[in-house]
Amino acid sequence: MNAIVALCHFCELHGPRTLFCTEVLHAPLPKGAGDSHGQGEQAEEEEGGIQMSSGTCTHSPAEGAGAESSSPGPKKADMCEGCRSLAVGHPGYISHDKETSIKYVSHQHPSHPQLFSIVRQACVRSLSCEVCPGREGPIFFGDEQHGFVFSHTFFIKDSLARGFQRWYSIIAIMMDRIYLINSWPFLLGKIRGIIDELQGKALKVFEAEQFGCPQRAQRMNTAFTPFLHQRNGNAARSLTSLTSDDNLWACLHTSFAWLLKACGSRLTEKLLEGAPTEDTLVQMEKLADLEEESEGWDNSEAEEERAPVLPEGAEGLELTKCPTDSSLLSDCDSWQPRKLSVFKSLRHMRQTMLPVGCVRAVPYSSQYEEAYRCNFLGLGLHVQVPAHVLASEFAVVVEVHAAARSSLHTASCEDDQPLSKYEFSVTSGSPVAADRVGPTILNKIEAALTNQNLSVDVVDQCLICLKEEWMNKVKVLFKFTKVDSRPKEDTQKLLSILGASEEDNVKLLKFWMTGLSKTYKSHLMSTVRSPMASEPRN
């Protein structure tokens with residue numbers, strides 16, 4: 001994620017100051033922030049694909065004394081202990097994301113002058129004018145020129161400070177306003193966790209100091225002494241002193257680097273051309289149902305054997321179960337894919353395309369399953385099919401046998417025509433008339449598949465268009481009959497207009513209607529009925 005996360009502090013002597021910031025580098029590291037290690041010291045930590053190291057650079061951009069005159073940071077004379085995070089000569093922190101080759105660099109200020117100006121302005125606004133009621137809490141501000149900012153202000157306990165607390169803020173800056181707004185709940189939860197940890201550590205130090213030397217009574221006894229002098233010159237204390245944590249900045253770097261990585265990977269952009277198709281909506285609903293079901297499995301203590309769920313595009317894989325003595329934790333590895341014959345194109349398959357919602361398939365089963373569980377069932381030849389199913393007019397049985405080899409078929413021919421290895425026998429309890437025309441879409445699909453002048457890609461697009469065309473007819477029929485409750489006479493007129501008045505077309509539309517997504521159905525049912533639907537009809 002192209003953003004900067006920074007910790008800011010309102011100093012009683014110098015005003016708003018940036019204490020610590022982490023930025024993302026997609027290009028090679030800037031000069032002075034190499035990967036080598038000085039004085040033989042190296043601190044490395046690997047967690048979540050990020051390797052943290054303490055890189056070398058001869059000085060901090062904010063030190064002033066040893067830095068170049070063009071350094072964007074404040075001079076050393078303009079800083080106190082409370083304004084400084086890293087010690088003089090500290091190299092800063094660098095994290096390497098091995099997955100994306102991205103580096104996360106942390107120092108007191110960004111080295112680039114333009115970034116320093118953006119962070120500086122965000123820091124001043126977060127601790128001055130852009131404050132939510134109560135002064136503690138999150139707020140959003142920004143513009144196209146200086147970036148957009150998520151800011152969360154908070155207080156840290158300090159027994160020597162005015163009002164016994166100091167004011168800080170954690171800010172996240174990026175140029176993408178929409179992305180930042182969509183990341184609000186995520187950033188709020190994670191940054192709130194960092195703040196709670198800082199406040200918890202500071203509270204322990206505060207309570208220990210108050211127990212040893214209560215400051216309130218001492219201040220009451222010296223009420224007329226100038227406030228700054230009664231603190232014996234200790235007007236500003238570092239955050240490491242307030243929390244009694246010498247590894248504070250290393251921990252903050254790890255937290256900020258993880259925050260940038262996690263916030264960048266939680267949202268992805270997808271290019272959609274037009275509204276999502278019904279197949280897309282049904283697949284999303286099925287995925288949501290599977291996630292809910294898997295959560296139910298995780299929360300359940302019962303150990304039941306469940307059939308594996310084939311991922312999308314796994315039609316050419318057969319799953320073979322490992323021995324039953326494998327543990328429950330290794331179930332994911334116990335189903336091993338075995339490669340089967342894969343057709344090269346739809347021309348080889350010559351099958352009718354169906355909406356995803358119409359298909360309830362069990363591809364490999366060792367026993368017969370009832371029709372309410374699936375409408376496409378794959379069985380071995382040894383499995384017995386009930387007699388009433390074989391005689392039913394609503395069932396079609398397709399038997400696949402190995403074809404007898406012919407001397408005319410060579411190995412290369414079989415590779416080009418995979419179906420030549422098999423023989424198919426189709427039976428049904430409902431006889432089919434020889435002169436039956438069949439559904440219009442089926443005839444168009446057959447015409448596209450048999451047209452050798454069309455390339456495979458053109459055929460694929462043709463079939464997609466045909467499917468969407470008839471799915472639109474299904475949507476119109478659903479709204480006309482189920483939502484508006486039109487009479488049969490009007491329905492027949494509609495079917496004639498749609499070019500689907502034949503019996504086979506009507507059956508196809510009614511069957512495809514079962515494949516409409518729940519999202520589409522609920523959307524139509526929740527809308528106000530058309531005024532024409534409530535008017536009396538003659």
query = Could you walk me through whether Lys467 and Ile464 pass the side-chain contact (heavy atoms from CB on, under 4.5 Å) check?
reply = CA-CA 5 Å; Lys467 184 177 179 180; Ile464 292 175; 5.7 Å; no

inquiry  = Would Arg192 and Asp196 count as a side-chain contact (heavy atoms from CB on, under 4.5 Å) here? Give the steps.
reply    = CA-CA 6 Å; Arg192 184 68 251 180; Asp196 290 341; 2.8 Å; yes

inquiry  = Please determine whether side chain to side chain donor-acceptor pair (under 3.5 Å) holds for the pair Thr240 and Ser238, giving the CA-CA distance in whole Å, both sets of side-chain angles, and the decisive distance to 0.1 Å.
reply    = CA-CA 5 Å; Thr240 54; Ser238 65; 2.9 Å; yes

ask   = Is there a side-chain contact (heavy atoms from CB on, under 4.5 Å) between Glu23 and Val119 once you walk through the steps?
value = CA-CA 11 Å; Glu23 55 184 311; Val119 174; over 6 Å; no

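A side-chain donor-acceptor contact under 3.5 Å links Asp143 to the backbone of His146. Under a 3.5 Å cut-off, the side chain of Asp158 and the backbone N or O of Leu242 do not form any donor-acceptor pair. In this structure a side-chain-to-backbone donor-acceptor pair under 3.5 Å is present from Gln199 to Phe155. Side chain of His96 to main chain of Ser101: no donor-acceptor pair is present (N/O by atom type, distance under 3.5 Å, no hydrogens or angles). Panel note: side chain Ser255, backbone Cys251; a donor-acceptor pair is recorded below 3.5 Å. For Lys479 (side chain) and Asp484 (main-chain N/O), no donor-acceptor pair under 3.5 Å exists by modelled atom type. Using modelled atom types, one side-chain atom of His90 and one backbone atom of Gly92 make a donor-acceptor pair closer than 3.5 Å. The backbone N or O of Arg135 lies less than 3.5 Å from a partner atom in the side chain of Thr153, making a donor-acceptor pair. Counting only distance, with no hydrogens or angles, the side chain of Glu278 and the backbone of Leu516 share no donor-acceptor pair below 3.5 Å. Using a distance-only test at 3.5 Å, with no hydrogens or angles considered, no donor-acceptor pair links the side chain of Arg177 to the main chain of Glu144.
Scanning all heavy atoms of the two residues, the minimum distance from Val282 to Gly515 falls at CG2-O, 3.5 Å. Closest of all the heavy-atom pairs between Cys123 and Thr18 is CB-OG1, 3.7 Å. When all heavy atoms of Leu239 and Leu248 are compared, the pair lying nearest together is CG-CD2, 3.5 Å. Minimum heavy-atom separation, Phe186 to Ala262: CZ-CB, 3.7 Å. Across all their heavy atoms, Ile118 and Ile173 have their closest contact at CG2-CG2, 3.9 Å. In terms of heavy-atom proximity, Thr519 sits nearest to Ser522 at O-OG, 3.0 Å.
Inter-residue side-chain proximity for Val149 and Leu180 is flagged as unmet; no heavy-atom pair is nearer than 4.5 Å. Residues Phe141 and Ser126 are in side-chain contact: their nearest non-hydrogen atoms beyond the backbone lie under 4.5 Å apart. Side-chain contact between Cys8 and Pro16: absent, with no pair of heavy atoms (C-beta onward) separated by less than 4.5 Å. Side-chain contact check for Met284 versus Thr280: some heavy-atom pair is nearer than 4.5 Å. Taking the side chain as every heavy atom from C-beta outward, Gln121 and Val124 never approach each other to under 4.5 Å. A 4.5 Å side-chain heavy-atom check between Lys518 and Asp289 finds at least one atom pair inside the cut-off.
Counting heavy-atom neighbours within 6.0 Å of Lys190 NZ, excluding the residue itself, gives a total of 12 or less. Within a 6.0 Å sphere centred on CG of Asp246, other residues, nucleotides and ligands contribute 12 heavy atoms or fewer.
Aromatic ring pairs are classed by plane angle as parallel below 30°, tilted from 30° to 60° and perpendicular above 60°; the pair Phe150 and Trp184 is perpendicular. Ring orientation note: the planes of Phe164 and Phe206 are nearly perpendicular, at an angle over 60° on the 30°/60° scale. Using cut-offs of 30° and 60° for the angle between ring planes, the Phe20 and His253 rings count as perpendicular.
If you take CZ on Phe116 and CD on Gln108, they are separated by 9.5 Å, rounding to the nearest 0.5 Å. Taken to the nearest 0.5 Å, the CG atom of Leu127 stands 11.5 Å off from the CZ atom of Arg17. In this structure, CE in Met174 is found 7.0 Å from OH in Tyr179, a value given to the nearest 0.5 Å. The CD1 atom of Ile195 sits 4.5 Å away from the CD1 atom of Ile170 when rounded to the nearest 0.5 Å. To the nearest 0.5 angstrom, Ile156 atom CD1 is 10.5 Å from Lys201 atom NZ. Here CG of Leu252 is found 7.0 Å from CD1 of Ile194. Values are rounded to the nearest 0.5 Å.
Checked for salt-bridge contact, Lys521 and Glu285 miss the test: no charged N lies under 4.0 Å from a carboxylate O.
Between the side chains of Thr22 and Ser106, a donor-acceptor pair is found at a separation under 3.5 Å.
Under a cutoff of 6.0 Å and an axis angle of 45°, Lys261 and Tyr104 do not form a cation-pi pair.
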